[in-house]
Amino acid sequence: MIRKAKLTDVKAIQALVNQYADSGQMLPRTLNELYEHLRDFHVYEENGALIGVCALHVSWEGLAEIRSLAVRNDRVKNGIGSTLVRHCLEEAVQLEVARVFVLTYQDGFFKKLGFAVIDKKELPHKIWTDCLNCVKFPNCDEIALVTTLPAEPSAK
Ligand SMILES: CC(C)(COP(=O)(O)OP(=O)(O)OC[C@H]1O[C@@H](n2cnc3c(N)ncnc32)[C@H](O)[C@@H]1OP(=O)(O)O)[C@@H](O)C(=O)NCCC(=O)NCCS
């Protein structure tokens with residue numbers, strides 16, 4: 001089941017994300033970041049265990065970012081990652097976000113979900129303020145991809 005994250009999930013989220021961060025596959029998250037941005041996070045739970053996580057972070061006018069997507073390594077390739085991303089995209093539609101981007105090494109996975117590669121320079125300057133604290137700054141080697149969302153059906 002997919003649900004919004006709760007305070008009691010934070011340590012399990014950090015363990016999941018930082019397991020991949022340790023091998024350089026994604027960026028690490030501190031407990032402080034996770035608590036402050038907890039409301040961005042969706043988790044995939046199975047029999048009480050946290051199997052996957054994905055965050056949707058609103059960045060700027062009409063723009064949000066997929067962050068911290070991770071699926072437990074013994075459960076990959078079972079559709080959990082794509083289900084989590086689609087769930088975040090549905091939330092983005094409800095928020096009337098027009099475009100969602102991601103900075104990732106998993107461009108093949110995101111292309112399957114309809115994302116297309118863009119030049120990082122096309123993203124608004126605002127997003128780079130978040131990058132100042134990144135271990136990779138200023139030599140970001142992640143690939144930027146973006147998807148354009150349909151307008152929310154109930155929107156005027
Ligand atoms: C990337 C990740 C989230 C994918 O999760 P997953 O649950 O295995 O993905 P899914 O099973 O939903 O895969 C959906 C499709 O993408 C494909 N896919 C998965 N990972 C892929 C990759 N790295 N490159 C290309 N295609 C990929 C799957 O084969 C599947 O294809 P299909 O629909 O033709 O069968 C997972 O491998 C992971 O946690 N990786 C480590 C952390 C990471 O890199 N996160 C991304 C940070 S932005």
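In listed order, ligands and their atoms are each counted from 1.
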[X]-[Y] side chain donor-acceptor pair, cut-off 3.5 Å:
X	Y	result
Tyr105	Asp141	yes
Gln25	Ser23	yes
Arg99	Thr148	no

Please list the nearest protein heavy atom to [atom] with its residue and the distance rounded to 0.1 Å.
atom	answer
atom 48 (S) of ligand 1	Thr104 OG1, 3.2 Å
atom 35 (O) of ligand 1	Lys112 NZ, 4.7 Å
atom 7 (O) of ligand 1	Gly81 N, 2.8 Å
atom 39 (O) of ligand 1	Val71 N, 2.8 Å
atom 13 (O) of ligand 1	Phe109 CE1, 3.7 Å
atom 23 (N) of ligand 1	Gln106 OE1, 2.4 Å

Practice task
Output the distance between atom OH (Tyr20) and atom CZ (Arg72), rounded to the nearest 0.5 Å.
Solution key: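 It is 9.5 Å, given to the nearest 0.5 Å.
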Practice task
Calculate, to the nearest 0.5 Å, the distance between atoms CG and CG belonging to Leu27 and Leu103 respectively.
Solution key: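 Rounded to the nearest 0.5 Å, the CG-CG separation comes out at 8.5 Å.
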Exercise for the section: For Ala70, take its heavy atoms, then give the atoms of ligand 1 lying under 4.0 Å from any of them. Expected result: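 In order of numbering, the contacting atoms are 39 (O).
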Exercise for the section: Answer yes or no for atom 41 (C) of ligand 1: protein heavy atom present at a distance under 4.0 Å? Expected result: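 Under the 4.0 Å cut-off, atom 41 (C) of ligand 1 does have protein heavy-atom neighbours.
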Handout entry: salt bridge (charged side-chain N to carboxylate O under 4.0 Å, His left out) between Lys4 and Asp9, worked out
Key = CA-CA 10 Å; Lys4 290 291 281 187; Asp9 296 318; over 6 Å; no
Practice task
Just let me know how Asn78 lines up against ligand 1, side chain, backbone, both or neither, with a heavy-atom cut-off below 4.0 Å.
Solution key: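 The answer is the backbone of Asn78.
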Problem - Val97, Asp40, Val100 screened by side-chain contact (heavy atoms from CB on, under 4.5 Å) with Leu56, the one that passes - result: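 Only match with Leu56 under side-chain contact (heavy atoms from CB on, under 4.5 Å): Val100.
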Exercise for the section: Please work out which of Lys77, Met26, Arg72 has its closest non-hydrogen atom nearest to atom 20 (N) of ligand 1. Expected result: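 Among Lys77, Met26, Arg72, the closest heavy atom to atom 20 (N) of ligand 1 belongs to Lys77.
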Handout entry: Option whose closest heavy atom lies nearest to atom 37 (O) of ligand 1, chosen from Val76, Leu113, Leu69
Key =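 The residue whose heavy atom sits nearest atom 37 (O) of ligand 1 is Val76.
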Problem - Any Ile143 side-chain heavy atom under 4.5 Å of Val117 side chain - result: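 They are in side-chain contact.
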Problem - Close N or O approach (Gly79, ligand 1; < 3.5 Å) - result: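 Yes, since at least one N or O of Gly79 sits under 3.5 Å from an N or O of ligand 1.
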Problem - Any N/O pair Ser82/ligand 1 closer than 3.5 Å - result: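 Yes, Ser82 has an N/O under 3.5 Å of an N/O on ligand 1.
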Problem - Exceeds 12 heavy-atom contacts within 6.0 angstrom, atom NZ of Lys11 - result: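 Not buried by this count: 12 neighbours or fewer within 6.0 Å.
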